[in-house]
Amino acid sequence: KRESISNTILEKWRDFRKESGAFSTYIDPGTLLESLEDKNITNVEGWCSEHQCVTSAAFYIQTLIKDNPIIIEEFKNYFHNIGIEKVTSYWWTNSIYTLYYLALSFDSIDAKEELNIVLENIFNKQNEDGSFSQLQDDRLFYTGKSIEALLFDYDKYKDSIELGINYLLNNQYEDGSWDNSHSLLIPNPSEFNVSNVSECSISTHGTNVRAKEFNRLFTTATILSAL
């Protein structure tokens, strides 16, 4: 609730906004370099740049706070200027992550035209087996995210949703969980984007890698939220 968030916290949070209206993950390169304590990392401009995946999540938070309609319009204009069909995800292996939060945001403010565009872009990413994403080992996570978003228009996407649910149920373990999805991306700190995600190795440390998920918790929680 808005009343539980102090103005000081909101101001600090909004310090992460760039002039474009987008949000960054970090804002102080010097402090970030000190905290990393890695002599091999000397440039973190990529990590301190604006990120569309972070901005879409911030957009959704702003729609819940409901304290500043001007900022909400600025978020809308930011993504309109990019083009919803062109959005990317800096910290994730697929733009579905950004589209998911855009779906939540536009639904929250009853922006039906924009929501329809987002849902159509998600729908177009579905594979023949019902899954979503190009990579084989992150499809469970993105299928969960995609189904949850498409439920905003169940009547239109009923067949797609049911196909996706069947994919998930067919890949569920006997204990009720699903396999790990290595969907979190850790780019090189100096890079503003990752040109070929499929070439990133899966690891528990390092950069220019996909983070190895542990104990299937993140993927399983995501799918359960959708179902």
Side-chain angles (χ1 to χ4, degrees), residues 20-23 25 49-64 72-168 181-185 187 192-198 200 210 218-219 222-223 225-227:
S20 65
F23 268 67
T25 309
S49 65
E50 62 184 53
H51 302 137
Q52 293 172 30
C53 52
V54 177
T55 304
S56 64
F59 184 9
Y60 180 51
I61 292 172
Q62 183 62 56
T63 68
L64 300 179
I72 288 179
E73 284 300 313
E74 289 174 349
F75 275 121
K76 288 177 63 177
N77 291 335
Y78 172 78
F79 284 106
H80 273 303
N81 291 335
I82 291 173
I84 292 174
E85 71 283 354
K86 297 179 181 179
V87 298
T88 61
S89 291
Y90 184 77
W91 296 107
W92 303 89
T93 55
N94 198 293
S95 61
I96 289 173
Y97 183 92
T98 302
L99 291 168
Y100 166 79
Y101 276 104
L102 285 179
L104 295 183
S105 302
F106 289 131
D107 176 74
S108 180
I109 59 175
D110 200 31
K112 296 186 181 300
E113 181 178 351
E114 290 86 352
L115 175 61
N116 289 337
I117 295 173
V118 171
L119 297 184
E120 193 66 16
N121 273 270
I122 293 176
F123 167 74
N124 289 333
K125 293 180 179 293
Q126 189 168 33
N127 301 309
E128 291 184 2
D129 63 358
S131 66
F132 290 77
S133 182
Q134 290 76 40
L135 298 177
Q136 188 67 41
D137 56 9
D138 67 1
R139 290 183 178 180
L140 291 167
F141 173 75
Y142 289 116
T143 301
K145 288 291 187 190
S146 298
I147 289 174
E148 186 175 351
L150 294 177
L151 284 169
F152 284 127
D153 195 343
Y154 176 79
D155 289 340
K156 180 176 181 179
Y157 296 108
K158 177 181 178 181
D159 292 343
S160 174
I161 291 168
E162 293 183 351
L163 187 63
I165 289 174
N166 287 334
Y167 170 82
L168 293 176
S181 290
H182 312 298
S183 52
L184 178 62
L185 188 64
F192 293 88
N193 59 71
V194 178
S195 57
N196 196 337
V197 173
S198 62
C200 295
R210 290 191 287 145
F218 196 56
T219 295
T222 296
I223 295 172
S225 177
L227 298 179

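One is the number of the first residue; the rest follow in order along the sequence.
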Smallest separation among heavy atoms of Val118 and Leu102, with atom names: CG2-CB, 4.0 Å
Short side-chain to backbone donor-acceptor contact, Asn166 and Glu162, under 3.5 Å: yes
Nearest atoms (heavy-atom pairs only) where Leu135 meets Ser198: CD2-CB, 3.8 Å
N/O donor-acceptor pair under 3.5 Å between Ser20 side chain and Ala22 backbone: yes
Within the 6.0 Å centroid threshold, strictly below: Tyr101 and Tyr97: yes
Trace of the side-chain contact (heavy atoms from CB on, under 4.5 Å) decision for Tyr78 with Glu50: CA-CA 12 Å; Tyr78 172 78; Glu50 62 184 53; 3.1 Å; yes
Glu73/Lys76 ion pair, N-O < 4.0 Å: yes
For Asn193 against Tyr90, the heavy-atom pair lying closest together: N-CE1, 4.0 Å
Donor-acceptor contact present, side-chain Gln52 to main-chain Thr88, <3.5 Å: yes
Donor-acceptor contact present, side-chain Thr219 to main-chain Phe141, <3.5 Å: no
Flag, side chain of Thr222 to backbone of Phe218, donor-acceptor distance under 3.5 Å: yes
Phe23 ring center within less than 6.0 Å of Phe59 ring center: no
Distance-only polar pair, side chains of Tyr157 and Glu120, donor-acceptor under 3.5 Å: yes
Check: Gln134 main-chain N/O paired with Asn127 side-chain donor or acceptor under 3.5 Å: no
Considering all heavy atoms, the nearest Ile84-Glu114 contact: CD1-O, 4.1 Å
Where Ser56 and Ser105 come nearest, the two heavy atoms and their spacing: O-OG, 3.6 Å
Distance-only polar pair, side chains of Tyr142 and Ser181, donor-acceptor under 3.5 Å: no
Check ion pair Lys112-Asp110 (N to O, under 4.0 angstrom): yes
Any side-chain donor near an acceptor of the partner, Gln126 and Ser160, under 3.5 Å: yes
Side chain Ser89, main chain Asn94, donor-acceptor under 3.5 Å: yes
Closest non-hydrogen atom pair between Arg210 and Cys200, with its separation: NE-O, 3.7 Å
